[in-house]
K.L.:
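To start, I am sharing the structure in question, which I have written as structure tokens.
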Amino acid sequence: MGIEGSGIGIWDLDILTNALFWSNTTRILFGVSKDLPLTYDLFLSLLEPQDRARTDQAVRRSVETGCTFDLQYRVDRGPQSHHWVRALGSIVRDEKGAPRHISGLVIDIDEQKQVEEALRIRESHLRSILETIPDAMIVIDGNGIMQFFSRAAERQFGHAEQEAIGKNVSMLMPNPDRDRHDGYLERYASTGERHIIGIGRIVTGQRKDGTTFPMHLSIGEMQSGGKPYFTGFVRDLTEHQQTQARLQELQSELVHVSRLSAMGEMASALAHELNQPLAAISNYMKGSRRLLAASADPNRSKIEGALDRAAEQAIRAGQIIRRLRDFVARGESEKRVESLSKLIEEAGALGLSGAREQGVQLRFNLNPEHDLVLVDRVQIQQVLVNLFRNALEAMAHSPQRELIASNARVADDMIEVAIFDTGPGISDHVMSNLFQTFYTTKETGMGVGLSISRSIIEAHGGRMWAEANRSGGATFRFTLPASSVESVTNGT
Amino acid sequence: MAHKGKVYVIDDDDAMRDSLDFLLGSADFHVTVFESALNFLDALPTIGFGCVVSDVRMPDIDGLELLKRLKAGGSLFPVVIMTGHGDVPLAVEAMKLGAMDFLEKPFEDDRLIGMIEAALRRAEPGIKTEAVTIEIQSRLASLSPRERQVMDGLVAGLSNKLIAREYDISPRTIEVYRANVMTKMQAASLSELVRLAMRGGVLKD
């Protein structure tokens, strides 16, 4: 027969007798000698064990239903070795139409099978790589229709693979890109001008639920079957940008802390350097006052008073420096039960001197029921003086000038103090930086006043904030721990 | 005019030295100034009894070292220590080394003069100024047991937080006790509290 010698063997099975005929080529494919008697059972025993049952079933089904069969199975060639063949067969019927023989061809497909296997392995490697990398991969054709949509793409965009494939890739982007994407592709096809291909860019993606996210997109181009395809790799930058933002936040905190510690060092150095001259000033004043006691000058008592007050201020300056240093260094203050109204009046005498001459109306609306607080007097007066001076400066060019200090009980154990002014108020931009160290809107300001004030209030267990008020000016509020009656009686 | 006694001022800061000379001179003390502890120690064998007013922070021999040398030499001169940097450990150390008193710059003239007068009187043989000590002890006695614990903690140089942890009370409550202690002891600062506690016999070497 002409078929013999072309690698194709012939076989024939007598259904009634189970007698089996194989041509020479078939015998070679199965690895049996020319003269070995053949049976159907012998045939089955020559196959790889796991192929036997399905081959037997296919043959039987063919006999029963009369259909042809086309089967691929492995011939057992010893341990770890097999040979792929393909068997085709059909039923040959007798004159009455009953199945008599089943016969057909056997084709050597081993080489083809090995190539297929190698391809399959490579494809599964590729697939596992694509599924592992966090970047999404999307392949589109020249018209923007999606051909491939990786697992990571499903995760990033929220579309299932089958929802995406066959659709225009523009569904993955918000407008204006969504409407323009087809135009981008056309322009590239006609001009060959690259805007993103091979370059990579940060663009915005849109998820199935409509939310958008920043992503880095890099695109590669390929030709297949004469048609262009584009492969896009997408990296979701949301997390990356969050990390960046957090990093920036940490850095600015660090700067703040290092500035604070620089301030602490400065305060400590200042304490030593300034306390010497302050002590000397106080000594000269007090010495002069003692000498003056023996004088008959008519202005003696006035001069004595002035010298006393000057010396007191030198000592007060020393106290401020000392408290500030202790506070910055240890975060501790020397707290006593103090009268809020007295604190405000004293601070007003310092911070509001000249206010009436400037035409500023001063009002202290202080409720005596909420008067006692547990505070460091010097520190809280610093805060008040600071707020008073800021308010006066703010109202320097205002037509209406009114400053109101008030107190109120806000919680069982806290008393709120409010300083109201009719200045121009605080712009949103300034408001967000108001309490930052070294932030100032004043030409000669250091930008430490409000920052230290807030630190002082917080060290007292209170809060400090600013808000706009009904007159368009600013109201600064802070809270202080109220002093319970028991601690007062206990303390005196 | 009769002098109230001799005072030896030791400070490396010119203005401090000169202003103390002026102040104490106007208060009728006989004042001699030294710009270093070494100069004072050199002069010591030739000068008469008096009260020493010394800065702490000085080059070469500082105030604490001066106290050690005076103690080692058996000197009976009372010493008042001044500092621009009042902190508790320094005050404790100075008092332990035999300083009569401890003062933070700048200070009220009356306090310094009162201290010098007391120091001079106290050091005179046969005269004891028990009154001051008795007054301090009555202040100490007015403290509640909790307040006394808080004072001991403060004098040992502990922060509010550490004291709170030690006695298992909230730092906020400690602040209340601390305020009470300072008020009852009539102390304006921590280093003054240390001074009063030592004078009252709370702290021993």
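Only a predicted model underlies this, so the values are computations on that prediction, with no experimental measurement involved. By convention in this document, chain letters (A, B, ...) are assigned in the order of the sequence lines, proteins followed by strands, and residues within each chain are numbered from 1. Excluded from the calculations below are hydrogen atoms, water molecules and symmetry mates; all remaining heavy atoms, backbone and side chain alike, are included.
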K.L.:
What residues of residues 8-18 of chain B make heavy-atom contacts with chain A at a cutoff under 4.5 angstrom?
P.N.:
B/D11, B/D13, B/A15, B/M16, B/D18
K.L.:
Mind checking the OG-CG spacing from B/S19 to A/L278? Nearest 0.5 Å is all I need.
P.N.:
11.0 Å
K.L.:
Would you mind checking if A/R289 and B/D109 are paired as a salt bridge, meaning a charged N to carboxylate O distance below 4.0 Å?
P.N.:
no
K.L.:
Kindly compute the distance separating CG (A/N275) from CD (B/E104), expressed to the nearest 0.5 Å.
P.N.:
8.5 Å
K.L.:
Is chain B contacted by the side chain of A/P277, its backbone, both, or neither, given a heavy-atom distance below 4.5 Å?
P.N.:
neither
K.L.:
At a heavy-atom separation under 4.5 Å, does B/I174 approach chain A through its side chain, its backbone, both, or neither?
P.N.:
neither
K.L.:
Would you say that more than 12 heavy atoms from the other residues, nucleotides or ligands in this model lie under 6.0 Å from the CZ of B/R165, or not?
P.N.:
no
K.L.:
So which heavy atom on A/Y284 is nearest to which on B/F22, and how close?
P.N.:
O-CE2, 3.2 Å
K.L.:
Measure the spacing between CD of B/E108 and CG of A/D308 and express it to the nearest 0.5 Å.
P.N.:
9.0 Å
K.L.:
Quick one: are A/K286 and B/I113 in side-chain contact, heavy atoms under 4.5 Å?
P.N.:
no
K.L.:
Is any side-chain heavy atom of B/R178 less than 4.5 Å from a side-chain heavy atom of A/K335?
P.N.:
no
K.L.:
Is it the backbone or the side chain of A/D413 that comes under 4.5 Å from a heavy atom of chain B, or both, or neither?
P.N.:
both
K.L.:
Give, for atom CZ of A/R336 and atom CD of B/E175, the distance between the pair rounded to the nearest 0.5 Å.
P.N.:
13.0 Å
K.L.:
Taking distance alone, no hydrogens or angles, what donor-acceptor pairs closer than 3.5 Å link side-chain atoms of residues 56-66 of chain B to residues at least two apart or in another chain?
P.N.:
| residue | atom | partner | partner atom | Å |
| --- | --- | --- | --- | --- |
| B/R57 | NH2 | B/H85 | NE2 | 3.3 |
| B/D62 | OD1 | B/L64 | N | 3.2 |
| B/D62 | OD1 | B/E65 | N | 2.9 |
| B/E65 | OE2 | B/R69 | NE | 3.1 |

